[in-house]
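Take a look at the structure below.
From a predicted model like this one, the values you see are computed outputs, not experimental measurements. Throughout, protein chains are lettered first and strands after them, A, B, ... in sequence-line order, and every chain is numbered starting at 1.
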There are 2 protein chains.
Amino acid sequence: MRAASARNLHGHVTQELGVRIVSGALRPGESLPREEVLAEQMAVSRTALREAMRVLSAKGLIEARPKVGTRVREERYWQQLDADVLAWRCASMPTADFVQKLVEMREIFEPAAAALAARRSNAEQFERIEAAYQAMEASRNTDEWAEADLEFHEAVLIATNNELMISLFSVVETALASYFVLSARKSSDFKYSLPYHRKVYEAIRKRQPDVARRAMLQMILDSRAHITGKRRSGKQA
Amino acid sequence: MRAASARNLHGHVTQELGVRIVSGALRPGESLPREEVLAEQMAVSRTALREAMRVLSAKGLIEARPKVGTRVREERYWQQLDADVLAWRCASMPTADFVQKLVEMREIFEPAAAALAARRSNAEQFERIEAAYQAMEASRNTDEWAEADLEFHEAVLIATNNELMISLFSVVETALASYFVLSARKSSDFKYSLPYHRKVYEAIRKRQPDVARRAMLQMILDSRAHITGKRRSGKQA
DNA sequence: CGCATGCATATAATCATACAATATGCTCAG
DNA sequence: CTGAGCATATTGTATGATTATATGCATGCG
């Protein structure tokens, strides 16, 4: 997973506390021990702890004030779309209904993105979509397919020329990828969704927004139907 | 604006550097002075500077490594949906086309949210929508209207039961609000969009997702048509 | 008795300094 | 020419001291 935190010490501390909060082990309103104590408990210096706290504070998970201490903030203040926060949820939630929420986001944005791409992608952006599609056609195994598939969706998103949408996509997609290999299926028919992709690709080429939207939606709905229940094993690092 | 940064010293530093990066004064790939120097330049201790750097790093704006220094990362790594990043853009961008992108996001997810709300809002959530609608009906001036209006949209989003969507809404809405008073119009007919809201409200009550979606879309499109060009004055703090 | 005002105190915020870890690139032997 | 290892610059971590800021209590005034 590691969206950002790993190598450094304060990274570990951030993650440790982040997971504790997001998982509910530390509940909103609850106060953390004071810096000195907490630093000792986690066997790090106050410096490292404070840098971690600062990050968590920026993500809206905690709030620190002199005299009163540091408390966990209510969920509505959390930056739910932050890559780390999302990753921590993936590492701690009961999964099922959270995946549903991620898929829901995807169902809303990807079709809209396809429509936008059809409306105003430029030559360079279209070529990237085309290349990705051709790579999918040419793929010889599930790995090649998966790579080209991801590239196709990313290329479509980029063609929207809206970096907010691109960011949302990458965040949601990354989170989903931690649960299962997207578009996965038995290796025998890993190209089953190629026709859907072709429809989307053609619609973008012909600049038919509505067609592109519908094709993308169909693709996702079909994909969801086949993915449901096929989650990956582990996850808890 | 101030999404998070203000009171504290490192908050100021974070904001200062954040704006410099987002505005393009510091470009991707460019290296920042070493900590000691930069700290002196900004007249703060290394501690304060580092806490700010840590936050910017968490937002994907910079990357620090021993020996090589700290560099500005490429835009594709930025957490574009972070409240602060968005705020910094609002404070520095050429505006016009960025607003367009924000509105675009809104046009995509608000109708979808209305549909979801119609499908599965619970009693308590519906009552909040109802109360907001009634407050809009009862409003006597633009201020009361604006408050109830915002509450209406927020209530609809909350009724989706998808906190990712709620978070997205609050982020986008906050950013947009920095440009103009949403749904603003001459005070004489500030209730012009009430019929649209009624349609949405009724559709949710009757659990008609498609009707709710279309009504919300109409509302936004109409609103956009009237808002275009009517931006607020200043902005550049 | 109630209310405002100021003071003591606990906690985070900031600072200064020292030392450790880590990449980078250069040197030098093979 | 190549690769191993060392020097070095920069961030990373640690520690201790000092300052700023809320909170709540005590105190005095109305």
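Residue A/S45 has no polar side-chain atom (N or O) positioned under 4.0 Å from OP1 or OP2 of D/dT13. Close to D/dT11, at under 4.0 Å from its OP1 or OP2, lies no side-chain N or O of B/R50.
For the pair B/E35 CD and D/dT13 C1', the computed distance is 11 Å after rounding to whole Å. What separates CZ of B/R34 from C1' of D/dT11 is a distance of 10 Å, to the nearest Å. Rounded to an integer number of Å, the gap from CZ of A/R7 to P of D/dT13 is 11 Å. Across the protein-nucleic acid pair, B/E51 atom CD and D/dA14 atom P stand 14 Å apart, rounded to whole Å. Remark: P of D/dA22 and NZ of A/K67 are 13 Å apart, rounded to the nearest angstrom. If you measure from atom CG of B/L38 to atom P of D/dT10, you get 13 Å, rounded to the nearest angstrom. For A/M42 and D/dA14, the CE to P distance is 12 Å, given to the nearest whole Å. What separates CD of A/E63 from C1' of D/dT21 is a distance of 14 Å, to the nearest Å.
Not a single donor-acceptor pair under 3.5 Å links the side chain of A/N8 to the backbone N or O of A/H10. A distance-only check finds no donor-acceptor pair linking the side chain of A/S57 to the backbone of A/M53 [under 3.5 Å].
Boundaries of the chain A contact region on DNA chain C are C/dT9 to C/dA23, first to last in 5' to 3' order (nucleotide atom under 4.0 Å from a heavy atom).
Judged by closest nucleotide on DNA chain D, B/M53 is the one of B/M53 and A/V44 placed further toward the 5' end. In terms of position on DNA chain D, the residue among A/T47 and B/A64 whose nearest nucleotide sits closer to the 5' end is B/A64.
Salt bridge A/R76/B/E154: absent, no basic N to carboxylate O contact under 4.0 Å. Ion pairing between a basic and an acidic side chain is recognised when a charged N comes within 4.0 Å of a carboxylate O; A/R20 and A/E16 show such pairing.
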For a side-chain contact (heavy atoms from CB on, under 4.5 Å) check, start with the C-alpha distance between B/E51 and A/R54, then their side-chain angles and the critical distance, and finish with the verdict. CA-CA 7 Å; B/E51 287 183 10; A/R54 193 61 50 214; 3.1 Å; yes
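Residue B/E137 places its CD atom among more than 12 non-hydrogen atoms of other residues, nucleotides or ligands, all under 6.0 Å distant.
The side chain of A/P66 has D/dT21 as its nearest neighbour among D/dA14, D/dT21, D/dT23.
Ring geometry for A/H153 versus A/F169: interplanar angle under 30°, hence parallel rather than tilted (30 to 60°).
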